[in-house]
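When reading the values below, keep in mind they use all heavy atoms of this one structure, side chains included, and skip hydrogens, waters and symmetry mates. Note on naming: letters A, B, ... go to the chains in the order of the sequence lines (proteins, then strands), and numbering restarts at 1 for each one.
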Amino acid sequence: MINALTILFCLTLMYLAVTTRLSSYVLILVFQGVLVAGVYTLSFFENFSWQHLVIAGAVLLFRTILIPGYITKIIRDLDMRHRDQTQRYHPGFLLQMAAVIIGSFFLAQRLSSLTPVLVIPLGAAVAGIFGGGLLIVRRRLLLAHVVGFLIIENGLFLLGLGLEAEMPWVIELAAFLDLFVLIFLMGIAMNQLKTHFPEGEELTTLRD
Amino acid sequence: MALPLLLLIGLPLLATGLTAVCRSVARNQVVTLVTGAGHLAAALYLLVTRHDPAPAGVWFAIDPLGTFFLAILSHTFLAVVLYSPGFLKRVSGAELDVSKRLYYPALNGYLLTNTLVIFTQHFGMLWVVLELTTFCLVPLLYFYRSKESLEAVWKYLFLVSLGLVFLLIGILALGLAAKGLPGRPPLVIADLVGSAAQLNPLWVKISFLMALIGLSAKIGLAPMHPADIDATSNAPAPVAALMAGSLRSTSVLVLLRFCQIVFQTGERAFAQRLMVFAGMLSLAVAAVYMWRSRNYKRLLAYSSVEHLGIAVLGIGVGGLAMLGALLHLLFNSLGKMALFFMAGRIHAAFDSREIDQIENLTRRLRWTGFVFGAAFFFVVATPPFGFFFSELFILQGMIHSKQWGVLAMFLGLMMIIFIGLSRAALQMLQKGSTEIATSSTPPPERFHLAHAVSLYAMAISVPIAVFQPQPLFESMRAILAMLGVTV
C-alpha cells in the first residue's frame, strides 16, 4: 500500500510537468499532502503511538488545509486568477521530469545494494526533491517557486520514511517550523512584491 | 558559569522583548548597547576560561569552538551597535519609520539566535535555531523597503531555505549513519564523536556532502553565493557588516560541528577534499566577478565570498592551515566591519553604489577615504594587518602537506583578485583628484565614531597576529585538538 501511494506521488510530479495553471498547482499540493500523511500513517500502523498520530494529524492539517488555503488566498488577494498560466506548456519539461523520476529510482536501487532502504518510497522521495527543484528552475513565476519548495519539503518528508530513519521529534518540529516560516514570510513578501513588481513578478533587477 | 550564561542568553532575550515593546529609538539604543557590552564581557570571560569539550548527552553547552565564535559574534555585534545611532540618524523618511522601529528588536533577536546556534550541541535543535537566524535577519535586510531590497530579501530567503533543506538531509543522513549501533546515540554532537569510528561510512559521506551544499548558501560559498551577494550588497551598512563579519562565521561553526564527527571517521580525507574544492571554486568565482562588478557594495560582498572561501580552503588543507583558517575568520570579521562601515558613509555622501560615480574620495571625505584605503590594504593581506599572517599560515599548511597544485591555484587566483580589487578601490580613492584640486574645496569631513571603530578593528588585528595572545591561541589549539589536529 505504501508503494502504491508513493507511486501516486510520482504521478503528481508528472502532472506538475504538464500543467501550467496555478489552481492545478494547489490541487497537486493538497493531493501530495494526503499521500504523505497516508504513507506516514501506514508506515507506523503496526507500531502505533500517540506521537505518530499527532504528527500524522499535523501533516494532514498543514499540508492539505492550511498551506494550500493560504496559497489560494494569495492567488485571490493578488488577483492572479486572470493570468494563471505561469508559462507556456513545453514538452521538454515533461521529458526532464520523467528523466528525474527514472534517475531517482535508479539511484534508490543502487543505494539499496549498499545499505538497507525502502526502494520505492526512497525513489519517490528523491524524485520529489529534484522535481521540486526542477519546477523552480523551469518556471519564472514566484508562486511556482513557492510550490516547488513545498514539493521539495514533501520529498524530504518521504525521504525520512524511505530511509526508515526514525528521527527524533525535533526533526519533525524542524520541518514544520521550516514550512511555517517560509510560507509566512513568503506570503508577506509576495504581498509587498505586488506593489513593487506589478507586472510579471520576475526578479531581475539585481545583477552584476 | 551561571552568570556568563545568564548574560549571553538572558540579556539578548530581555533586550529583544524590551526593544520590541519600547517605541523610543534612543532608549532602544541604550538597551542594545548595554546588551552588547555585557555579551562581549561574558564571551571574553568564557574564551579565557573554557577549554574543555562539551560533555556527552548535553543539548546546550559551550566548548572551545563555541567560545571562539562567540567572541567573533559579540565583538562584531558591539561594533555594529556603536555604528547604528549615526546610521539611523542619517536615514530619514516616513516610509522608514517601521524599519527603524524594527531595527533594534531584530538586531537583539539576531544576537540571541546566533548565540543559541553557538551553544547548541544537538543537530536537530541546531537546525531549528539556524532557521531562526534567517527569520531575524529579514526585517534588517528589508530596511530600505525598496524594490531592490525586496528582491534581495526574497532571493536570500528562498536560497537559504533551500540550503537548509539540504542541511536537514545531511542531518538525516548523520542519524542514519548511527543506525543499528548498540545504544544508538541521538543527534548530540559529543555522543556522535564518541561513536564516530562505528558510523556507517556511506551515510557519513552523504551527510557531509549535503551539509556542505546546504551551508554554502549561508556561508556564501560558490555556487550558492548569489543570494548572499544580493542581500549583503542591498542591506544597510551595519547589517552588511553583521552578515559578513558574524553570520557567515557562525555558519562555518556549523560546518565545523560536522567536521568534529567526520574527522574522527575514515572519511576525513573525503571531507577535506570537498572543502578544498568548495574553497577554490569560491575563489575562482570571486576572481571573475571582482573584475566584472561595477558596484562597490557587490564588490565587497564578493570579497566576503573570497575570504570565506579561503577559510574553508584552510580547513580543508588541514594542519597549520586550519589554524590560519580560524584566524582568517576572526580577521575577516574585523576587516569587513571597517569596509562596510565606510561603504555606508560613501553611499550616504554620494547616493550611489556605482564605482564610476565615486570620485575624489580622499578629498571629499578625507577620513572615510583614509579609513577605506586602509581597509583595502587590510583585505588584500598587506602586512602588518592580520590577513597577511592568517594567509601565511594557510600557505605554510599547503607547503607542509605538499599540496602543490592547490598552492599554485591559490596564488594564481589571489593575484587576479588583488588586481581586480585594486583597480576598483584605487579608482574610487583617486579618480578626479587633480580636477577637483583646482576647484572649490568642500568642507572637510569630521572624524566620526564609525572611523574610530573601523580603525580600531583594523589595528587590533596587528597585535593579535604578531603577539599571538595566549588565551586566544590556547582556545584555538583546543579547537584543533577537538578536530584531531596538532600543530
Next item on the list: Check whether L202(B) gets within reach of chain A through its side chain, its backbone, both or neither, counting any heavy atom under 4.5 Å.
Entry: side chain

Notebook entry, point to check: Rounded to the nearest 0.5 Å, what separation is found between the CZ atom of F149(A) and the CG atom of L157(B)?
Noted result: 8.5 Å

Note to self: Is it the case that over 12 heavy atoms from other parts of the model lie below 6.0 angstrom from the CZ atom of F93(A)?
What the structure shows: yes

Notebook entry, point to check: Once you round to the nearest 0.5 Å, how far does CD1 of I152(A) lie from CD1 of I169(B)?
Noted result: 8.5 Å

Check: When rounded to the nearest 0.5 angstrom, what distance separates NE2 in H145(A) from CG in L159(B)?
Finding: 11.5 Å

Next item on the list: List the steps and the verdict of side-chain contact (heavy atoms from CB on, under 4.5 Å) for I136(A) and L162(B).
Entry: CA-CA 11 Å; I136(A) 293 170; L162(B) 212 54; 4.3 Å; yes

Note to self: Within this structure, what is the CH2-CG distance for the pair W203(B) and L111(A), rounded to the nearest 0.5 Å?
What the structure shows: 4.5 Å

Margin query: Using a 6.0 Å cut-off, check whether atom CZ of F106(A) has over 12 heavy atoms from anything other than its own residue.
Written below: no

